[in-house]
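Some notes on the structure that comes next.
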Amino acid sequence: MKILILHGPNLNLLGTREPEVYGAMTMDQINAKIIELGKELGAEVKCQQSNHEGALIDALHDARTWADGVVFNPGGYTHTSVALRDAISSIQIPVIEVHLSNVYAREEFRYQSMISAVCKGKIVGLGWRSYALALRALIEMIHEK
Ligand code: DQA
């Protein structure tokens, strides 16, 4: 079983970026925890990050050729990107949307997600644990298939 963890724009700055909103862990620390959890659950986890919409689309297209599923935090593109939504609905593998912060307790423009309707599900507001819970759920759902 192979899973892609995909981080969108500005998530490379985790740890220093608004830690009161996103927590103190760096992206590398989150990735290390998730890779470890993947091992425990019998999945190989690959982590990627990009600040560029097109590169995220490429990563989703590429995942179609090697991954069984994707855990995706599209950052600010969540609220704007029709192109990412189309990329998700163009690939045949399940995608779970995640957010570190509780987007519903923040500015109103964060209430809308362009991608939720084409994702299997979403987990928000639990910090790095959003990724961990999404990974668990994704692995279980793939096994059930
Ligand atoms: C985020 C929430 C988005 O609204 C924001 O633009 C981000 C991070 C989160 O993980 O909480 O960059 O996706």
Side-chain angles (χ1 to χ4, degrees), residues 1-41 43-64 66-142:
M1 164 117 41
K2 292 193 170 77
I3 305 290
L4 171 64
I5 306 290
L6 186 58
H7 306 275
N10 302 306
L11 294 167
N12 54 314
L13 299 183
L14 286 176
T16 56
R17 174 193 182 200
E18 301 178 79
E20 65 290 354
V21 177
Y22 297 115
M25 275 172 73
T26 64
M27 189 182 70
D28 286 346
Q29 288 169 336
I30 293 176
N31 287 344
K33 269 189 179 288
I34 299 305
I35 288 168
E36 202 45 49
L37 177 64
K39 275 188 200 144
E40 280 168 31
L41 300 174
E44 191 185 317
V45 170
K46 232 173 98 174
C47 303
Q48 292 179 21
Q49 187 273 336
S50 178
N51 292 319
H52 305 279
E53 193 175 16
L56 294 168
I57 293 168
D58 289 342
L60 290 166
H61 290 182
D62 189 49
R64 193 181 40 155
W66 64 268
D68 299 292
V70 182
V71 173
F72 188 21
N73 183 350
Y77 287 137
T78 306
H79 317 297
T80 62
S81 180
V82 174
L84 280 176
R85 179 199 176 101
D86 289 347
I88 293 167
S89 51
S90 303
I91 61 177
Q92 304 301 317
I93 54 175
V95 177
I96 298 191
E97 175 182 356
V98 300
H99 301 284
L100 294 143
S101 66
N102 179 357
V103 285
Y104 300 104
R106 301 182 63 195
E107 302 95 329
E108 227 173 280
F109 66 83
R110 296 185 203 275
Y111 298 1
Q112 177 178 333
S113 167
M114 294 301 247
I115 71 158
S116 296
V118 292
C119 288
K120 273 271 168 224
K122 88 172 168 181
I123 300 182
V124 310
L126 305 179
W128 69 270
R129 289 183 180 83
S130 293
Y131 291 90
L133 292 172
L135 181 67
R136 273 184 194 281
L138 190 56
I139 290 171
E140 277 185 28
M141 288 187 321
I142 293 165

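Counting starts at 1 for both ligands and their atoms, in listed order.
- Residue-to-ligand polar distances keep L11 apart from ligand 1: every N/O pair is separated by 3.5 Å or more.
- For residues 115-142, every residue pair satisfying the salt bridge (Lys or Arg N to Asp or Glu O under 4.0 Å) rule, not counting sequence neighbours, is listed here: E97-K122.
- Rounding to the nearest 0.5 angstrom, the gap separating the CG atom in L84 from the OG atom in S89 is 10.5 Å.
- Between M1 atom CE and E44 atom CD the span is 11.5 Å, to the nearest 0.5 Å.
- Per-residue contacts place H79 under 4.0 angstrom from the following atoms of ligand 1 (heavy atoms of the residue considered): 3 (C), 4 (O).
- Side-chain contact check for I57 versus S81: every heavy-atom pair is 4.5 Å or farther apart.
- Taking the six-membered ring for Trp and the full ring otherwise, the centers of Y104 and H99 sit at least 6.0 Å from each other.
- Distances shorter than 4.0 angstrom do not occur between any heavy atom of T78 and any atom of ligand 1.
- With sequence neighbours left out, the salt bridge (Lys or Arg N to Asp or Glu O under 4.0 Å) criterion links E107 to R110.
- In terms of protein heavy-atom proximity, atom 5 (C) of ligand 1 is nearest to R110 NH1, 3.3 Å.
- In this structure, NZ on K46 lies 11.0 Å from CG on L6, to the nearest 0.5 angstrom.
- Ligand 1 has an N or O atom lying under 3.5 Å from an N or O atom of S101, backbone or side chain.
- With hydrogens left out, the protein atom closest to atom 1 (C) of ligand 1 is H99 ND1, 3.7 Å, a heavy atom.
- Ligand 1 is never approached by N10 to a heavy-atom distance shorter than 4.0 Å.
- The atoms of ligand 1 that sit less than 4.0 Å from any heavy atom of R17 are 7 (C), 12 (O).
- Less than 4.0 angstrom separates some heavy atom of Y22 from each of these atoms of ligand 1: 5 (C), 7 (C), 8 (C), 9 (C), 11 (O).
- Protein heavy atom in closest approach to atom 9 (C) of ligand 1: L100 N, 3.4 Å.
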